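The analysis underlying the following values was restricted to heavy atoms, covering all of them including side chains, and did not include hydrogens, waters or symmetry mates. Here the structure is a predicted model, which means the values were calculated and not measured.
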Amino acid sequence: MRSDGTGLPRGSGTVAQGLATYAAKCEACHGAAGSGGIADRLTGGIGSLAAKKPVRTVASYWPYAPTLFDYVRRAMPYTAPQSLSDNELYGVVAYLLSIDHIVPKKGRLDAKNLAKVKMPNRRGFLSLESRDFDGNIERAASHR
């Protein structure tokens, strides 16, 4: 899947549905509300990346919501990768993003609106997908 949402599947999920899926299939490793457990913390940390001890989470680090969806789709849950339905995936992503107030608590995500989600650290990365990118990272960084 691309950062612009190209390749996202049909389906949708609400924050409430995502909470239920998260509790059943994610919380054992990632902790309540994505606070961390035996696996990485998923929530919080916005604005911490320049700190001495950055908190790398979905909200603080991930630049695009569609690529988050794609990662979760391919790699999670750890014990059964690729076992979540598309509707469950949209719900889990909606739930995680709602914790950090990126989507509303009563939100619903689908292919059209997931691509429009503005992640807090989107400008913290250089896009290599730009049609204007000529391969020079330094020049690209100076044009942000």
Trainee: So with a 6.0 Å cut-off around CZ of R56, is the heavy-atom count from everything else above 12?
Mentor: no
Trainee: Compare every heavy atom of V55 with every heavy atom of S60, then report the nearest pair and how far apart it is.
Mentor: OG-O, 2.5 Å
Trainee: Please report the shortest heavy-atom distance between A59 and I46, naming the atom on each side.
Mentor: CB-CG1, 3.6 Å
Trainee: Please check if the side chain of D4 supplies one atom and the backbone of T6 the other of a donor-acceptor pair under 3.5 Å.
Mentor: yes
Trainee: In chain order, what residues pass the side-chain hydrogen bond (donor to acceptor under 3.5 Å, both in side chains) check against D70, with sequence neighbours excluded?
Mentor: R74
Trainee: Identify the heavy atoms of F69 and V93 that sit nearest to each other, and give their distance.
Mentor: CA-CG2, 4.0 Å
Trainee: Any chance NZ of K105 has more than 12 other-residue heavy atoms, nucleotides or ligands included, within less than 6.0 Å?
Mentor: yes
Trainee: Please check this pair: side chain of Y22 against backbone of G91, looking for a donor-acceptor N/O pair closer than 3.5 Å.
Mentor: no
Trainee: Are a donor atom and an acceptor atom from the side chains of N87 and S85 found within less than 3.5 Å of each other?
Mentor: no
Trainee: So does D86 pair up with R73, basic N to acidic O under 4.0 Å?
Mentor: yes
Trainee: Ignoring hydrogens, what is the shortest heavy-atom contact between A65 and V117? Give both atom names and the distance.
Mentor: CB-CB, 3.9 Å
Trainee: Hey, does H30 have a side-chain heavy atom less than 4.5 Å from the side chain of K25?
Mentor: no
Trainee: Is it true that a side-chain atom of T21 and a backbone atom of E88 form a donor plus acceptor pair closer than 3.5 Å?
Mentor: no
Trainee: What's the shortest heavy-atom distance between A94 and V103, and which atoms?
Mentor: O-CG2, 3.3 Å
Trainee: Please give me the minimum heavy-atom distance between P9 and A111, naming the atom from each residue.
Mentor: O-CB, 3.7 Å
Trainee: For T14 and R108, test the side chains for any donor-to-acceptor distance below 3.5 angstrom and give the result as yes or no.
Mentor: no
